[in-house]
Amino acid sequence: MKYIVVSGGVISGIGKGVIASSTGLLLKTLGLRVTAIKVDPYMNIDAGTMSPTEHGEVYVLDDGGEADLDLGNYERYLDVTLSRDNNITTGKIYREVIEKERKGDYLGKTVQIVPHLTNAIQDWIERVAQRPVDGSGESPEVCIIELGGTVGDIESAPFVEAMRQFQFRVGHDNFALIHVSLVPVIGGEQKTKPTQAAIRDLRGLGLVPDMIAARCPVPLEPAVINKLSMFCHVGPEQVMAVHDVSSTYHVPLLLEEQGMVRFFQKRLGLDVNGSIPRPM
Ligand code: ADP
């Protein structure tokens, strides 16, 4: 199983969901079976009790799970049917750990965020990523994990730490990270400093970006791509410029034109037919 985490910096609502769905769609075009998990770092168990005027419409899954609209994006882009477990919230994961503690599963240990909560997050992801979602009855080969919120928030900290550990649990060849960031245009100039700061925060938490998706109202200038590469310590091919488009269904094309598929094929060892070499 290959895992691609999509995190975000600078501001919320930056387009992580669209990048996550688009990445999944591109890998699906290689013939890979793709699933998705959304992490929502709020204490609500699910979006069912949240005001639609504040949070947007609730998306109801086939099993009755009430989730964020991003789950709807995944279902549409990837042509899959997800379940309530494809949405992890802070509320759900705390509930699971607390229920285990009450049953005595931790055998008298002091139950802590690290390692108990972070382990529960990783176990959950590994368990749910395996579930068939496309009607073929076969396990997916790639799991896209979207980390809601912004890296650096108190709310998302346990999930960020869980992902830091997870890269070692599953191995470098099976784990990649896309960080979505903002390049604002001020006085006609495309500014890279917020992205530089966001990437510094990310690295400080032990996560290394394999790809930076730079959201900008207008197409990024080549000089700005080079500057991002230089100051964020990634190759220019690891910077994806994602400007505002009239329909978010254009985003997969933008990413494809910039070589995203080629990059992940190489980075995660996906062969040209899309099949992942299996261990002997
Ligand atoms: P996040 O997951 O970071 O909260 P979303 O993916 O839900 O963000 O996107 C937030 C809003 O921005 C949505 O309404 C989405 O349609 C819009 N959006 C995302 N990417 C683009 C883009 N490249 N061009 C135009 N609108 C976009």
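Counting starts at 1 for both ligands and their atoms, following the listed order.
Shortest contact from atom 23 (N) of ligand 1 to any protein heavy atom: H243 O, 3.1 Å. Shortest contact from atom 2 (O) of ligand 1 to any protein heavy atom: G17 N, 2.8 Å. Nearest non-hydrogen protein atom to atom 16 (O) of ligand 1 is T248 CG2, 3.3 Å. Protein heavy atom nearest atom 5 (P) of ligand 1, with residue, atom name and distance: G15 CA, 3.6 Å. Among protein heavy atoms, the minimum distance from atom 1 (P) of ligand 1 is reached at K16 N, 3.5 Å.
Within the listing of ligand 1, atoms 2 (O), 7 (O) sit less than 4.0 angstrom from a heavy atom of D70. In the vicinity of V18, heavy-atom distances shorter than 4.0 Å reach the ligand 1 atoms 6 (O), 19 (C).
Counting heavy atoms closer than 4.0 Å to ligand 1, residue L69 contributes nothing at all.
Closest approach of P41 to G148, counting heavy atoms only: CG-O, 3.3 Å. Closest non-hydrogen pair, S22 versus L255, comes out as CB-CD1, 3.7 Å. Minimum interatomic distance between I113 and P158 (heavy atoms only, all atoms of both residues): CG2-CB, 4.0 Å. When all heavy atoms of I4 and V142 are compared, the pair lying nearest together is CD1-CG1, 4.4 Å. Closest approach of V224 to T192, counting heavy atoms only: CG1-CG2, 3.7 Å.
The closest approach between any non-hydrogen atom of G13 and ligand 1 is below 4.0 Å.
Closest heavy-atom approach to atom 22 (C) of ligand 1 among the candidates E146, H250, R215: R215. Heavy-atom proximity to atom 25 (C) of ligand 1, evaluated over V245, V242, L254, V251, is greatest for V245.
Panel note: side chain N86, backbone A36; a donor-acceptor pair is recorded below 3.5 Å.
Atom 14 (O) of ligand 1 is not flagged as protein-proximal [any protein heavy atom, distance under 4.0 Å].
Ring centroid separation for the pair Y42 and H55 comes in under the 6.0 Å cut-off. No close placement of the F175 and F168 rings is indicated, their centers lying 6.0 Å or farther apart.
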